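Since this is a predicted model, take the numbers as computed values, not measurements.
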Amino acid sequence: MTIELTISGMSCGGCAASLQKALLAQSAVSQAQVDFASSKAIIESELSRAELIALIEAKGFSAK
């Protein structure tokens, strides 16, 4: 399923790239696009919204 989240705590494009890489490292995530300018992440995953938020928060960012 495709889930769109608003990400806060990113200070640069490098943060977005780092988060995107971390998401793509998860076997249950088939696609992830994190955009610093819009503070959005669009994720194609078998994980639930709550599981994705927990994963993002574990990387030091906030998501809703």
Side-chain angles (χ1 to χ4, degrees):
M1 94 182 100
T2 300
I3 297 173
E4 182 173 328
L5 297 169
T6 300
I7 310 296
S8 56
M10 295 188 295
S11 58
C12 64
C15 292
S18 174
L19 179 56
Q20 182 170 309
K21 184 176 178 182
L23 288 166
L24 290 171
Q26 303 299 310
S27 60
V29 175
S30 55
Q31 291 184 350
Q33 183 171 2
V34 181
D35 183 60
F36 170 67
S38 67
S39 299
K40 298 282 185 193
I42 300 172
I43 305 160
E44 182 74 30
S45 176
E46 298 168 15
L47 298 174
S48 71
R49 184 177 189 88
E51 289 171 318
L52 287 170
I53 289 172
L55 178 64
I56 291 166
E57 289 178 345
K59 297 297 176 188
F61 304 100
S62 297
K64 61 178 179 177

Considering all heavy atoms of both residues, which atom of F36 and which atom of M10 are nearest to each other, and what is their separation? CE1-O, 3.4 Å

Take atom CD in E51; do more than 12 heavy atoms of anything else shown fall under 6.0 Å from it? yes

Test side-chain contact (heavy atoms from CB on, under 4.5 Å) on K40 and L5; report intermediate values, then the result. CA-CA 6 Å; K40 298 282 185 193; L5 297 169; over 6 Å; no

What is the distance from atom CG of L55 to atom CD of Q26, rounded to the nearest 0.5 Å? 4.5 Å

To the nearest 0.5 Å, what is the distance between CD1 (I42) and OG1 (T2)? 8.5 Å

Backbone N/O of E44 and side chain of Q31: donor-acceptor pair under 3.5 Å: no

Taking all heavy atoms of S30 and all of L24, pick out the closest pair and write down the distance. O-CD2, 4.4 Å

Rounded to the nearest 0.5 Å, the CD1 atom of I56 sits from the CD1 atom of I7 at a distance of 4.0 Å

Run through D35, I43, V29, V34 and flag the one making a side-chain contact (heavy atoms from CB on, under 4.5 Å) with Q20. V34

Closest contact, heavy atoms only, A28 versus S45: O-OG, 3.0 Å

In Å and rounded to the nearest 0.5 Å, what is the CZ to OG distance from F61 to S18? 5.5 Å

To the closest 0.5 Å, what do you measure between CG (L19) and NZ (K59)? 9.0 Å

So with a 6.0 Å cut-off around CD of E57, is the heavy-atom count from everything else above 12? yes

